[in-house]
Amino acid sequence: MSTNSFHDYMDSKSKMNVRQLSDDEEFTTPPKLSNFGSALLSHTEKTSVSQELSNKNDKIANPVFEEMNRSSSRSHPPSSMGNLTSGHTSTSSHSTLFGRYLKNNHQTSMTTMNTNDIEINVGNSLDKSFERIRSLRQNMKEDITSKYTERRSKRFLISNRTTKLGPAKRASTLTNIFDDDVPNSSNQLITNLRDTTESPLDDPSEFRETKKNSDYESINFGDLNPIQYIKKHNLPTSDLPMISQIYFDKQREENRQAALRKHSSRELLSKNRSSSTPLSKSNSLANKDHSITSNSNSQPRRKISTGSSSSKSSIEIRKVLKENIDSDNYSNLKSPIHKIYKETSRNKDSDSEKREVLRNISINTSHADSGLQQDNKRLKRSLDDAIIHDNENMKNQEVFYHRPAPKPPVTKKVEIVEPIKSASLSNSRNIITVNDSQYEKIELLGRGGSSRVYKVKGAGNKVYALKRVSFDAFDDSSVDGFKGEIELLEKLKDQKRVIQLLDYEMGDGLLYLIMECGDHDLSQILNQRSNMSLDFNFVRFYAKEMVQCIKVVHDAGIVHSDLKPANFVLVKGILKIIDFGIANAVPEHTVNIYRETQIGTPNYMAPEALVAMNYTQTNENRQEGNKWKVGRPSDMWSCGCIVYQMIYGKPPYGSFQGQNRLLAIMNPDVKIPFPDHTSNNERIPKSAIELMKACLYRNPDKRWTVDKVLSSTFLQPFMISGSIMEDLIRNAVRYGSEKPQISHDDLNDVVDTVLRKFADYKI
Ligand SMILES: Nc1ncnc2c1ncn2[C@@H]1O[C@H](COP(=O)(O)OP(=O)(O)OP(=O)(O)O)[C@@H](O)[C@H]1O
């Protein structure tokens, strides 16, 4: 290469660098002045620099380098160049070699390179030449770098602050950008920048850029990266930095939102856990802070939400970089400084990465000269300060971190033991627990005055009747009454005509009885048949069943005193008595007992009970108290009423309503009718009428006992065949021929004799 061509080339290269620096595409890359400097590097450094220069933007510089390299390799040892460019005072041999190179090849071009600032005398000493070259390089570097850095800083500030604001707000804010939030250390730099540049608002291009930036904020990248996006939408490549900035901002924001969600859910989890291991919030926060500061190297954490601290630290780092770049030569493209610059630009929030870069500085700069090492040390210190400053800011602000996922809790197999609950505190609406046994409700069987009876399913899917009685726990008479009922049920446990009591539990105001379950009560059965024709076999069967139940009770010395159809339940074809509500044990040899309270069903209640009540209420002498005279005949009256209802469809006084019914029962003048036909004109057997009359005598003493009713003709009818009738008639004719006159006593004897003989024919 001739000196002229070299001069021309350098000139054009200088112009080219200026042009490139004004190009937006290049604003993120370091100034190209280093290409010039690298031409002066030693061979060893040239190798690394040539790699750097393989960058397509630097390709233009390669011919210079190659040409110089060729020239130097022809006439000089490689190491000589390295010593020159590393800033050491050149040795005479090196200077001579280089001077000879310049002298032989480039002296003319060097003088014409910058005639205003540098006057190179070819005949001067090598040192002088070297000094001038350095001076030239320094001037060009300062000139271009300052311009470049100025643009970059301005763009950084604008893109970071103004793009987040609307146009009006942006306009007012831009004037304050340089005063607010910028650390003192970097204020000077910013002030210089402001002084040397126009206000962004005054610069139409800047305003256009800002506007464009705000337009791009609504970009939806989808799956595209910025480059793909630009290609797809045919946007100028000059917008790539701005679009990239928006792209990474959006990604950062998305990450931040995700981390916030994660954090809040973790907070919720920890709140729940804190119930078992309570920790004060301050403690946990303190721990968090501690872990942040003390374990920053052990677990990389990413700060998700950063306030002005991050931008402050970024500005600080940029300031340090700027200082370093300004003070350093640009041949150090691969230097840690450049690396840090790139690292911090890429992820300015990552302390761990900054630290990683800092750790690498000493390794990467081992080959560098002491000046460079000092610069790097200074840079390292500055960056450390910036990181510490960041950490301090983080402590004072609400900062969210990605923490490593907590270890899954150790799951222990815990056997869940259901707490034993009393029956009244059953854990489910459908489950009732009585004495630790659980019963599941199936259906409601019936209701009483103070009770509900459910069909329930117990162990082994067996079906039971569960009677739940609520009562006033402080009413002693009620408590005693229920206790008495339970006692009677237990007493009659083995009787087939009494419902079986299997279990019971009595708590405060609640009584649970577990009984064998019936299908239907007699009341339901009668209602079911109310519209059907009268069947005396049906009446006889159920009347007999009922009386047999009463016999068991009476034989046990018990007066029920509240007998009604609903108190008899059919269990697998057998009618059983289920209730002893107001029953009481009848003392031996006592016909009647007196009860303290009137509980009963007026339809089936004996007149003597109501008369007794009426007597005590009207009698001024209340010495006897409000006592009811009840006894076994009272149960027989009730029995007669139920049979009456079976045959006539309603109880004896059923046609009276309300109070009149009570009065009619008590009034001896109100006679009970016993028609021989039903309303449907069905003939009623005399035996049936006989039985009803025998039970419904007003005088209790005249009423049939339970045994008499059971042996009544209605309940024990005869089966007489034609041959029997024939025999009977023959015997009667013969008896009359022998004894034409018959006395009344003789007739009774004949009747008894015949009936005895008919006994074999009873059903
Ligand atoms: N073991 C059972 N099997 C089937 N049904 C039953 C059983 N026990 C009671 N019931 C049904 O529940 C209804 C009410 O029961 P129960 O007569 O015992 O209640 P109560 O409180 O005594 O009534 P009251 O207070 O009016 O005398 C009965 O009429 C019957 O229909």
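Start at 1 and go down the list; that is how both ligands and their atoms are numbered.
Side-chain atoms of S712 and E690 form no donor-acceptor pair, as typed in the model, at a separation below 3.5 Å.
For ligand 1, the atoms lying closer than 4.0 Å to a non-hydrogen atom of D521 are 28 (C), 29 (O), 30 (C), 31 (O). Atom numbering of ligand 1 starts at 1 in the shown order; those under 4.0 Å from a heavy atom of S451 are 19 (O), 20 (P), 21 (O). Heavy-atom contacts of N567 reach the following atoms of ligand 1: 17 (O) (cutoff under 4.0 Å). Each of the following atoms of ligand 1 lies closer than 4.0 Å to a heavy atom of C517: 3 (N). For ligand 1, the atoms closer than 4.0 angstrom to any heavy atom of A465 are 1 (N), 2 (C), 3 (N). Close approach to I578 involves these atoms of ligand 1, each under 4.0 Å from a residue heavy atom: 8 (N), 9 (C), 10 (N), 28 (C). Those atoms of ligand 1 that come under 4.0 Å of a heavy atom in L445, given as number and element, are 4 (C), 5 (N). The distance from ligand 1 to the heavy atoms of R447 drops below 4.0 Å at these ligand atoms: 14 (C).
Looking only at distances, no side-chain donor or acceptor of N667 sits under 3.5 Å from a matching main-chain atom of L663. Counting only distance, with no hydrogens or angles, the side chain of Q524 and the backbone of D521 share a donor-acceptor pair below 3.5 Å. Formation of a donor-acceptor pair under 3.5 Å by the R497 side chain with backbone atoms of M546 is not found in this model. The main-chain N or O of P675 is found under 3.5 Å from a side-chain atom of Y648 such that the two form a donor-acceptor pair.
Around the CG atom of D752, the shell of radius 6.0 Å holds more than 12 heavy atoms that belong to other residues, nucleotides or ligands.
By the 3.5 Å distance cut-off applied to N or O atoms, E516 is counted among the residues near ligand 1. Residue contacts with ligand 1: I499 is placed with no nitrogen or oxygen under 3.5 Å of a nitrogen or oxygen of the ligand (distance criterion only).
Residue K455 places every heavy atom at 4.0 Å or more from ligand 1.
Between F471 and F482, the ring planes are tilted. Angles from 30° to 60° get that label.
Contacts with ligand 1 closer than 4.0 Å are made by no heavy atom of Q500, backbone or side chain.
In this structure, L570 CG and E545 CD are separated by 7.5 Å, a value rounded to the nearest 0.5 Å.
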